[in-house]
Protein chains: 2
Amino acid sequence: MARKKSSNDIRGGQAEAGSTRRAPMREFSRSLPMSLLRAREAVMRQFRPSLRNHGLTEQQWRILRALTSVDEIEVTELAHLAFLLGPSLSRILRDLEARQLIERKTAATDLRRAVVSISAKGLKLIEAVAPTSEAIYAAITKRYGARRLAELQEMLGALEMSLSGMVHDDAGIEADE
Amino acid sequence: MARKKSSNDIRGGQAEAGSTRRAPMREFSRSLPMSLLRAREAVMRQFRPSLRNHGLTEQQWRILRALTSVDEIEVTELAHLAFLLGPSLSRILRDLEARQLIERKTAATDLRRAVVSISAKGLKLIEAVAPTSEAIYAAITKRYGARRLAELQEMLGALEMSLSGMVHDDAGIEADE
DNA sequence: GGGATATTATTAACATGTTAAGTGAATTCC
DNA sequence: GGAATTCACTTAACATGTTAATAATATCCC
């Protein structure tokens, strides 16, 4: 009775609540952040198992992937490229270096900066994962439609641009101190 | 021809590490997961400071928001509604209960289930945050365009649907064990 | 030249994401 | 009606997100 059977998978269904109080501000589950979150989760759900089979997390994969597009790169630039915050990147680089998937050296001109590059071993791993990853991406593209997908990405980019310079009050102005 | 940006073309013939290695599979920074991630971050960047000023994280806010849309709700349903995994929800509910922002009781008919509802104090907090939150949402809508925003959300929903039943190999089939 | 300041990267501390395992309660099924 | 199974939730363990604080170097600027 009620409840179908949702294995251990919390995400991926609708929840029709009981007495239904009145709708608040917005239907909430239809808010923009939620829409983006769910869409991304739907996409990543496709990739995660494959990555996991190769011992990689999503972020580790992002970093290695980013490193294949350059010869070498400074940490801060890599953070931008892989869209990770510094602290996360620091931790992951430490692990990837320990696994010898990347190499790190100090910049000659500026001892503060570290320069990172992917190792042969890392490259090999990427090459092992890439085919599956590409196949999944192709399947997604086929399902959703290449044209529609391109349009979606364009709109997402436009959204980013729209918000890039946006500021507002209540954003942390706490008197002084 | 051999150079067209085809599938597993990670290494250009060999891993000859010359200067400026060339672009791999996809421009990477333009992959769908990255696009979604950046778009969502651009949006959340607007909300986080305000939430923070009220002592709430994004997820705590999601939960309280979800709770305002129902009279009371079971934990599993709430997980679906707020799109959180069980373990995350468990932790957050523990904290929110300690802060007396929510109330929890055990279902009478099924001792396994817990029923959660927002408290008066929680409702008050929501009401304090909502105006700013609404203002930010309105600003985003104005900047991006209401029509365009609706279209984007439709496309995101469609993407979710497209991928909902998608399966593929390499997804964790490790013999048996 | 040298103190004040800025920059780069890391560490710290806490909250969440993610998967697996555990606990207690309900259901199934013989 | 009781063992086996399933279910709802929680804990555990590890990785990352997020903000603040540090440490080490570079740069400014008088």
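Every chain is numbered from 1, with letters handed out A, B, ... down the list of sequences.
- Of the residues in residues 105-112 of chain B, B:D110, B:L111, B:R112 come within less than 4.0 Å of DNA chain C through at least one heavy atom, sorted by number.
- Between D:dT19, C:dA9, D:dT10, one nucleotide has an atom nearer to the side chain of B:V75 than all others, and that is D:dT10.
- Under 3.5 Å, the side chains of A:Q100 and A:S119 contain no donor-acceptor pair of N or O atoms.
- Residues A:R48 and A:E41 have side chains in contact (heavy-atom distance under 4.5 Å, counting atoms from C-beta outward).
- Under 4.0 angstrom from either OP1 or OP2 of C:dT10 there lies at least one side-chain N or O belonging to A:R104.
- Applying the salt bridge (Lys or Arg N to Asp or Glu O under 4.0 Å) criterion to B:R104, with sequence neighbours excluded, gives B:E97.
- In the set D:dT16, D:dT18, C:dT8, the nucleotide with an atom closest to the side chain of A:T76 is C:dT8.
- Across the protein-nucleic acid pair, B:H80 atom NE2 and D:dC9 atom P stand 11 Å apart, rounded to whole Å.
- Using a cut-off of 4.0 Å between Lys/Arg side-chain N and Asp/Glu carboxylate O, A:R45 and B:E160 are scored as not salt-bridged.
- A donor-acceptor contact under 3.5 angstrom links the side chains of B:S88 and B:R91, judged on distance only.
- Atom pair A:L78:CG and C:dT8:P shows a separation of 15 Å (rounding to whole Å applied).
- In this structure, B:P33 and A:M44 approach most closely via the heavy-atom pair CB-SD, 3.7 Å.
- Cluster membership check: A:V115 does not share its hydrophobic cluster with A:I63, using side-chain heavy-atom separations under 4.5 Å among Ile, Leu, Val, Met, Phe, Trp and Tyr.
- Residue B:L56 contributes atom CG, which lies 18 Å from atom P of C:dC14 at whole-angstrom precision.
- Residue B:M44 contributes atom CE, which lies 21 Å from atom P of D:dT16 at whole-angstrom precision.
- Pairs of Watson-Crick or G-U wobble type, with distances under 3.5 Å, assemble into runs of 3 or more in DNA chain C at these ranges: C:1-30 with D:1-30.
- Partners of B:D110 according to the salt bridge (Lys or Arg N to Asp or Glu O under 4.0 Å) rule, which considers only residues two or more places apart in sequence or in another chain, are B:R112, B:R113.
- Residues passing the salt bridge (Lys or Arg N to Asp or Glu O under 4.0 Å) test with B:E154 are A:R148, sequence neighbours excluded.
- Mapping A:R52 and A:A114 onto DNA chain C via the closest heavy atom, the residue that lands nearer the 5' end is A:A114.
- In this structure, the CD1 atom of A:I73 is 14 Å from the P atom of C:dT8, given to the nearest Å.
- Atom-to-atom, CZ of A:F47 to P of C:dT18 comes out at 15 Å; the value is rounded to the nearest Å.
- Proximity of residues 85-95 of chain A to DNA chain C (heavy atom under 4.0 angstrom from any strand atom) is restricted to A:P87, A:S90, A:R91.
- Here CD1 of B:I102 is found 12.5 Å from CD of B:E72. Values are rounded to the nearest 0.5 Å.
- Judged by distance alone, with hydrogens and angles left aside, the side-chain atoms of A:Y144 form a donor-acceptor pair with the main-chain N or O of B:M155 at under 3.5 Å.
- Between B:T57 and the phosphate of C:dT16, there is a side-chain N or O to OP1/OP2 separation shorter than 4.0 Å.
- To the nearest 0.5 angstrom, A:L163 atom CG is 8.0 Å from A:L32 atom CG.
- Taking the nucleotide of DNA chain D with the nearest heavy atom to each of A:R62 and B:V115, the more 5' of the two is matched to B:V115.
- For the pair A:Q60 CD and C:dT18 P, the computed distance is 14 Å after rounding to whole Å.
- To the nearest angstrom, C1' of D:dT6 lies 12 Å from CZ of B:R113.
- Checking the phosphate oxygens (OP1, OP2) of C:dG17, no side-chain nitrogen or oxygen of A:Q59 falls inside 4.0 Å.
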